[in-house]
Protein chains: 2
Amino acid sequence: MKRAFHKTATPAERILAAADKLFYRQGIRAVGVDAVAAEAAVSKRTLYNYYPSKDDLIAAYLTARFRHLAPSDAPAREQILGNFDRLERMFADGSFRGCPYVNAVTELGDPKHAAAGIALQFKEQRRLWFRALLERLHARDPDALATQLQILVEGALASALVRGDPALARSARAAAEVLLDAAGVRRPARSVRQTRRAR
Amino acid sequence: MKRAFHKTATPAERILAAADKLFYRQGIRAVGVDAVAAEAAVSKRTLYNYYPSKDDLIAAYLTARFRHLAPSDAPAREQILGNFDRLERMFADGSFRGCPYVNAVTELGDPKHAAAGIALQFKEQRRLWFRALLERLHARDPDALATQLQILVEGALASALVRGDPALARSARAAAEVLLDAAGVRRPARSVRQTRRAR
DNA sequence: CTTCATGGAAACAGATCGGTGTAATTAATG
DNA sequence: CATTAATTACACCGATCTGTTTCCATGAAG
């Protein structure tokens, strides 16, 4: 069991990767610390050396999922709608199990748990990201529209969890387009044969 | 402890009521059968007499939450939008803990669990209810629009779970109105002073 | 009164959980 | 080599979980 390992990954990283895999796939409450330690090929003692409690590990798991939205130079409208395309890919690859933040809040229940705050942070970050793009697009009431886009994303996630259908992302995307149109965000200039971008 | 009880409620009903209260408030996995039995003022022996396993109790809890949408004679558009007003009331009363069906799917994880099927049934029922109303309104593509409204409802539920804000229901409602407008569902005739219906 | 079904109280079984204590082993560093 | 820190293996704790079992109280029907 001591095969010459990827020396690359430190124990803490392996533990976090194992927690991410198991917590997301099977649920936080369904996975014990022993299982995480085993998956990380690490003794339970070392796990508790890096993360003093399961709650700490949960918090680390959620914060590690924080992928900061990379600033892109793509057109703002495309960036917004591209979000839904990413959702569709997530739904389709079979391993989708819902939004990890919402799942954590649901599974843990306690609103005072650190996970609740982390989840709120993440959602708000994405909402503000939407809002910044909408402001750049001179949309009407960017704040309200950002909230609505966020609701669409959340709804697509939840719907795809109970239903399996990846097409739900396209439905949400279409709804987002209607909202953008209604907010005065004009479609990209498709006129001058620049339709070259194809798909 | 044998005070002259409401003879009205049969043991099975009391157990189900207790399960509903505890499962929804604290989560399915967080509540043991002992707690349900205690809340129902019933011995664990009787609980297992009526529901042979916790899974059976969970399934009964979810199916009991099936409130069949009562047919209403209110204008169809009002019926649809009224859904979001009900959401706002749910969010505001403090005891909101997310959609019980989504929660069950999340907590149990297993897609083969009976809860997954029940959740799917419920969501589809509401979607079809939307669709029927939209057909009556001669909306463009009622099926697709029904899915989008369903996504909005789901998104409002999930968002209100992590954020606490009841106003999210109003945001979702406003988005629904935009979608309805875009689908050619005209607003109710507010012209002829029939605005009497007030609020 | 006898019979039988229902249900209460409580102990129990077997498993799993989060978390700790400890002694032995390994790996890096001087 | 010697020292030290990290890590392992593994037993163990108390709590909790689902589910079962045993014994006893009740109460209605024959």
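These numbers come from a predicted model, not from an experiment. Throughout, a chain's letter reflects where its sequence line sits, starting with A, and its residues are numbered from 1.
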**Student:** Would you say the side chain of B:Ser95 lies within less than 4.5 Å of the side chain of B:Met90, judging by non-hydrogen atoms?
**Tutor:**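 The answer is no, as the side chains (C-beta and beyond) never meet within the 4.5 Å cut-off.
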
**Student:** In whole angstrom, give the distance that lies between atom NZ of A:Lys54 and atom P of D:dT16.
**Tutor:**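 Between P of D:dT16 and NZ of A:Lys54: 16 Å.
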
**Student:** Distances under 3.5 Å between protein N/O atoms and the N/O atoms of nucleotides 5-7 of chain D, please, pair by pair.
**Tutor:**
from  : atom 1 : to      : atom 2 : distance (Å)
D:dT7 : OP1    : A:Tyr50 : OH     : 3.3
D:dT7 : OP2    : A:Tyr50 : OH     : 3.0

**Student:** Can you measure A:Tyr51 atom OH to C:dG18 atom C1' for me and round it to whole angstrom units?
**Tutor:** 17 Å

**Student:** Write down the distance between CD1 (B:Ile15) and C1' (C:dT6), rounded to a whole number of angstrom.
**Tutor:**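 The answer, rounded to whole Å, is 13 Å.
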
**Student:** Enumerate all atom pairs, one protein N or O and one N or O from nucleotides 11-13 of chain C, separated by less than 3.5 Å.
**Tutor:**
none

**Student:** Given atom OH of A:Tyr48 and atom C1' of D:dC13, what is their separation to the nearest angstrom?
**Tutor:** 13 Å

**Student:** I'd like to check the side-chain contact (heavy atoms from CB on, under 4.5 Å) partners of A:Gln79; sequence neighbours left out, ordered by chain and number.
**Tutor:**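 Per chain and number, A:Gln79 pairs via side-chain contact (heavy atoms from CB on, under 4.5 Å) with A:Ser72, A:Ala74, A:Trp129, A:Leu133, A:Arg136.
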
**Student:** What are the two closest heavy atoms between B:Arg77 and B:Leu137, and how far apart are they?
**Tutor:** N-CD1, 3.8 Å

**Student:** What is the distance, to the nearest angstrom, from the CG atom on A:Asp56 to the C1' atom on C:dG18?
**Tutor:** 13 Å

**Student:** So if I take residues 21-31 of chain A and measure heavy-atom distances to DNA chain D, which residues fall below 4.0 Å?
**Tutor:** none

**Student:** What pairs meet the ring-ring contact (aromatic ring centres under 6.0 Å, His included) rule with one or both residues in residues 145-187 of chain A, with sequence neighbours excluded?
**Tutor:**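 Sorted result for residues 145-187 of chain A: empty, none.
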
**Student:** Picking from D:dT22, C:dG18, D:dT18, which would you name as closest to the side chain of B:Arg45?
**Tutor:**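 Nearest listed nucleotide: D:dT22.
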
**Student:** Tell me, which pairs form a side chain to side chain donor-acceptor pair (under 3.5 Å) where one or both residues lie in residues 21-33 of chain B, sequence neighbours left out?
**Tutor:** B:Lys21-B:Glu39

